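Have a look at this one before I ask anything.
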Amino acid sequence: MSKAVKYAERAVTLAAQSAWSVFERLNRISPNPSFTPKWSDKPLLKSYQKEKPPLGWPRTTDSLCPKCVPEIREQILDGKLPHEILLNEKVGEIKAQIIERDGKILMVKDCPKHGHFEDVMSIDTAFFKHLEEVFPGRDIKAHNDEKLHNHGTSTVTHGRGSVLTIDLTNRCNMMCDPCFMDANQVGFVHELTWEEIKTMLDNAITIKPRRQMSVQFSGGEPTLSPYFLDAIAYARKVGYNSVQAATNGIEFAKSKELCRAAAEAGLRYAYLQFDGIGNAANSHRKVGNLFDVKLQAIHNLHEAGVDIVPVTTIVNGINNEQVGRIVQFALDNPKKINFISFQPVSFTGRDEAVSDERRQAQRYTLSHMAHEIKDQCGLGEPVRDWFPISFMSTFSDWADLVHGPNHDWGQLSCGCHPNCGIGMALMIDKETKEAVPVTAFLNADRLAKDVAKVNDAARGKFLSIVGVTLALLRNYDPTKSPTHFKIVDLLAKFDKCFGATGRNYGKVTADRTMADIEKRRADRWNFLFIAGMWFQDLFNYDFRRTEQCIIPYATQEGEISFCAYNTGIGWRNIIEKMHMTATLTKWYEEHGRHEIFAGGKKVGMNQVGHDLVLNMEHVNAEANHTLDNLGIAKNAREERLRARDKQSAEARLKQDAENARMAKLYREHVLGEKPVEGLVRLETIVPVRPAKQEEPEPVAGD
């Protein structure tokens, strides 16, 4: 696009600035009351009515003791305490302070029994402050939810969520670290029946506000469930327009037929475990050709019409150097990747008993991520370009206003705590691959304040669209946007996201076809969203986060926040034990063993081939050796082996010392020898013993 066109567009934005000034003054006069939509029994919230938890620092919050909780959970699992204690008492709860020290934000807390704990929450105080300052507030309080939200202090109290997670099975075809659910290691199978799956999906619809949300089928590995495809189809049937699968991709890489069947059933997104570029970067998962599997899964799924979201668990010293490479992978393949999800490690599941040394070495925060993406690939100013995921809820409120009171579903709204998740959007030209952060050419902070003013006036569909159009134009700088990006592209992108005008960009409803998918994909501009979701563990747990969780788990005991289920008090362990399907022995007798890829075993794929663009320098790079060089264990298994070897060595030294003492006594009192100063006898020399061999890697099941 010529400079003349850019300058002409600049004139349009200046005109919009003047028009907004007039509109905003008129808009303040006698604002309309909020209506109560069909999908809620409570009215839409004005921006100034939204509740906020205590923010800033220093502040006090409610947390958990990392030592008390596992002890109490074990008593519940052993039947020594009833699980109802979690509903009526503040089990394992202690106060925590969020403070600043040495340029970092920390959580510090003290347990009367177990002493002092502390952990880092952010390495950038300005970044942490920015995220909390632009937080727009909580969603409408959840109502009509008493049967599903009843989990004591872990109860979800606001909104309905954005992603309902349903674990179809705890069986998995991998056995890797980290794993927040400890798949294949708990000694029993927990697998949902078809009736349980339908009940969970039906129940979730009853909660108000009845917002549109994604359903993510997870596990274990969800493709191992015999009801995987049926669950997808049923979710679309009852009204969820976005169905996801959290998967390691093995079955999708092995079978194009499964990819097509899943797409036909209604699978829209595959949340694909993706720890880095190259097999070395994925080697900690102990599958010999795991990166090749990921590439084949991406190819097969995209070909079938399913969109792919690479999901990366970032562990400092394991794969933190990969964040920039993964972003570059997305930039190189803009027609196939339009969302990336980074998840800084949560020390839970197999890692709950992590040592202080390893935890401090491996801890990775959202602030680490924002800075490393900038440092590794030159994209994103942390304070300018990263916002809490909940920042988008202001725009969701506008969509709810425009869609009117008779809409069946509320707009998807990510109303989580600002410490939970962050995002940065890039606008990428699919033809030239030019990429620019959206907030480099769009003043997002001021835009959100403008949109909130439009929402608070509640003028109706036409004037609300006019107001937001003016707000978009006045906050847009065409001279800083991608070369070929135009004002009409900006307005179309916004409309495509929120469906305000009713224009057909390709349907996303249950009746969508491949033609709809291709129509949406034909857009020249890829709005690449880079998200960071930091799930809690017992060292940084904050109940202010769990009560407004946007990723609840559907279970036989109601819907529980992600962190309360997987970390926190550990509802997962309790519910899966309560509703155990069978012991492993009984399951194997009745169903046989499913194949497990571990110990370096490679996945066999019937068809191999893709057209993804790869940076071969990244593909061929070595694994991260930081922790090896520091002599720190990389995972829970290594930590156990080292602890066992240390105990064995200490026991050997103790036994050798005792043998030497007894030999000395025997010589003195039985043989009548006198001790000789400075002489070392042969039998007092500590014998050299062979080192203890490491446990073998788990072998693949038949």
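The first residue of the sequence shown is numbered 1, and numbering continues consecutively from there. These numbers come from the heavy atoms of this one structure, side chains and all, not from hydrogens, waters or symmetry mates. All values derive from a computational prediction rather than experimental measurement.
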Residue pairs fulfilling side-chain hydrogen bond (donor to acceptor under 3.5 Å, both in side chains) with at least one residue in residues 529-540, sequence neighbours excluded: Arg363-Asp537
Using a 4.5 Å cut-off on heavy atoms from C-beta on, say whether the side chain of Leu44 contacts that of Pro37. yes
Please confirm whether the ring centroid of Tyr553 lies under 6.0 Å from the ring centroid of Trp571. no
Salt-bridge criterion met for Lys208 and Asp145 (N-O under 4.0 Å): no
Per the salt bridge (Lys or Arg N to Asp or Glu O under 4.0 Å) rule, what does the pair list look like for residues 388-399, sequence neighbours excluded? Lys50-Asp397
N-O pairing of Asp124 and Lys104 below 4.0 Å: no
Nearest 0.5 Å, what's the CD-CD distance between Glu576 and Gln556? 8.5 Å
Leu331 side, atom CG; Leu528 side, atom CG - distance, nearest 0.5 Å: 6.5 Å
Could you check whether Glu118 pairs with Lys109 (Lys NZ or Arg NE/NH1/NH2 to Asp/Glu carboxylate O, under 4.0 Å)? no
Got a sec, which pairs hit salt bridge (Lys or Arg N to Asp or Glu O under 4.0 Å) with one end in residues 59-72, sequence neighbours left out? Arg59-Glu132, Asp62-Lys95, Asp62-Arg544, Glu71-Lys113
May I ask you to check whether Trp386 and Phe391 place their ring centers less than 6.0 Å from one another? no
Mind checking whether Phe498 and Trp398 have parallel, tilted or perpendicular rings, split at 30° and 60°? perpendicular
Does any non-hydrogen side-chain atom of Val315 lie less than 4.5 Å from one of Asn320? no
Within the 4.5 Å heavy-atom criterion, are Ile76 and Leu86 side-chain neighbours or not? yes
Output the distance between atom OG (Ser122) and atom CG (Leu131), rounded to the nearest 0.5 Å. 7.5 Å
Side chains of Val327 and Ile530 in contact at under 4.5 Å (non-hydrogen atoms): yes
Centroid-to-centroid, Phe339 to Tyr269, below 6.0 Å? no
Within 45° of the axis and under 6.0 Å from the centre of the six-membered ring of Trp409, does NZ or CZ of Arg211 qualify? no
Kindly indicate whether the side chain of Asn319, heavy atoms from C-beta on, has any atom under 4.5 Å from the side chain of Ile314. yes
